[in-house]
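Naming: A, B, ... by sequence-line order, numbering from 1 per chain. All values below come from the heavy atoms of this structure, side chains included, with hydrogens, waters and symmetry mates left out.
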There are 2 protein chains.
Amino acid sequence: MAARMTRQRTAVVEALDEMADFRSAQQLHEALRARGESVGLATVYRALQALAEASEVDVLRAEDGESLYRRCARREHHHHLVCRMCGRTVEIDGPTVEAWASKVAAAQGFDDIEHTIELWGTCADCRAAAR
Amino acid sequence: MAARMTRQRTAVVEALDEMADFRSAQQLHEALRARGESVGLATVYRALQALAEASEVDVLRAEDGESLYRRCARREHHHHLVCRMCGRTVEIDGPTVEAWASKVAAAQGFDDIEHTIELWGTCADCRAAAR
DNA sequence: CCGATCTTTGACAACGGTTCTCAACAAGCG
DNA sequence: CGCTTGTTGAGAACCGTTGTCAAAGATCGG
């Protein structure tokens, strides 16, 4: 039941802290390897899974189904505006939307409501670069 | 470039029409097989892919990443409230949310904005059944 | 009708992200 | 220290999905 602090777990958290944007488990793994910290891929997955469960990281699914992870500034519920090219992320919240979502769902007799609201776009830098 | 009308494609569309809720490609395949219509799994995937491209069906990702398909009543942009237990679906739209999404994204200098807004919950029937 | 043409099909292999397996390993504790 | 028990990692397994390619069939000009 513990939750031992191992070299590997520390490394994953540190790597996440250095990355501002959403990254895949494989990208994290790659980054760790590149800096000399050898950590197994399975371990990276397990660490991310644990962190996600503890709400220490946010998870979201890319359009191709891959899971992306990010250490967000705020731990409270929020959403994201993500650049689909470079992964640049802006945290956003929309109290209006939250209210709307639960009202709509409740009106239909639904319970345990959860919502997925993510915004994808192309950030100014990537738009300029693609020119 | 054609788009030939084959027995298989017709079968997939018909099966979709009979299912009110979001179903996976494999469930569709299973259903077709069960009713005697033999269609290859790859063909089901291809048909769904084509239909999705033509906006004939809506696609959404289940929490485990599996793609779910549904023939929706309206072809215009809309969202869904889905029961995570039985798949029961209610089409919803939120003009307020649409406006909010594009405003927020534009304010951050993002382009080609796209949003994912889906609501998940447990419908009244499933809640009663789970008791 | 009849082929010729050219898309579609389907069984199966391949793919890619993620999870499982299990023996070797190391945190934390007394 | 030793022990106990959670953790690691290399590779296999998993599973939804897509690719392969020869055979089948839809469409069309004649």
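If you take NE2 of A:His29 and P of D:dG11, they are 12 Å apart, rounded to a whole angstrom. Atom CG in B:Asp64 sits roughly 11 Å away from atom P in C:dT19 (whole-Å rounding). Regarding B:Gln27, its CD atom lies at a distance of 16 Å from the P atom of D:dC15, rounded to whole Å. Straight-line distance from the CD atom of B:Glu66 to the P atom of D:dC14: 17 Å, rounded to whole Å. For B:Arg46 and D:dG19, the CZ to P distance is 10 Å, given to the nearest whole Å. One interatomic measurement links the two molecules: CD of B:Glu37 to P of C:dG10, which rounds to 10 Å at whole-angstrom precision. Rounding to whole angstrom units, CG of residue B:Leu28 and P of D:dT17 are separated by 11 Å. B:Leu68 places its CG atom 12 Å from the C1' atom of D:dG16, with the value rounded to the nearest Å.
With hydrogens and angles disregarded, no donor-acceptor distance shorter than 3.5 Å links the side chain of B:Arg71 to the backbone of B:Val13.
Contacts of B:Ser24 with the nucleic acid, taken as non-hydrogen atoms under 4.0 Å apart, are absent.
Distances shorter than 4.0 Å separate none of the side-chain N or O atoms of B:Tyr45 from OP1 or OP2 on D:dT18. For D:dG16, the OP1/OP2 oxygens have a side-chain nitrogen or oxygen of B:Gln26 closer than 4.0 Å. At the phosphate of D:dT17, OP1 or OP2 sits under 4.0 Å from a side-chain N or O atom of B:Ser67. Regarding contacts with the backbone of D:dT8, a side-chain N or O of A:Thr6 is found under 4.0 angstrom from either OP1 or OP2. The side chain of A:Arg4 places no N or O atom within less than 4.0 Å of a non-bridging phosphate oxygen (OP1 or OP2) of D:dT4. OP1 or OP2 of D:dT18 sits under 4.0 Å from a side-chain N or O of B:Gln49.
With values rounded to the nearest 0.5 angstrom, B:Arg23 atom CZ is found 5.5 Å from B:Asp21 atom CG. Interatomic distance, B:Asp112 CG to A:Thr122 OG1, rounded to the nearest 0.5 Å: 4.5 Å. Distance check: B:Asp111 CG to A:Met85 CE gives 12.0 Å after rounding to the nearest 0.5 Å.
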Set out, line by line, the N/O atom pairs under 3.5 Å between protein and nucleotides 2-4 of chain C.
none

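Taking only distance into account, the side chain of A:Arg61 never meets the base of C:dG17 through a donor-acceptor pair shorter than 3.5 Å. Side chain A:Arg9 to base D:dG6: no donor-acceptor pair is found below 3.5 Å.
Scanning for ring pair (Phe, Tyr, Trp, His ring centres under 6.0 Å) contacts around A:His29 gives an empty result, with sequence neighbours left out.
A salt bridge is defined here as a Lys NZ or Arg NE, NH1 or NH2 lying under 4.0 Å from an Asp or Glu carboxylate O, and A:Asp58 with A:Arg70 fails to meet this definition.
The side chain of A:Arg7 has D:dG9 as its nearest neighbour among C:dG10, D:dG9, D:dT8.
Map B:Leu41 and B:Met5 each onto its nearest nucleotide of DNA chain D; the residue landing nearer the 5' end is B:Leu41.
For the side-chain contact (heavy atoms from CB on, under 4.5 Å) with B:His78, the lone residue among B:Arg75, B:Glu76, B:Arg74 that qualifies is B:Arg74.
Ring pair A:His77/A:His115 is perpendicular by interplanar angle, where above 60° counts as perpendicular and below 30° as parallel.
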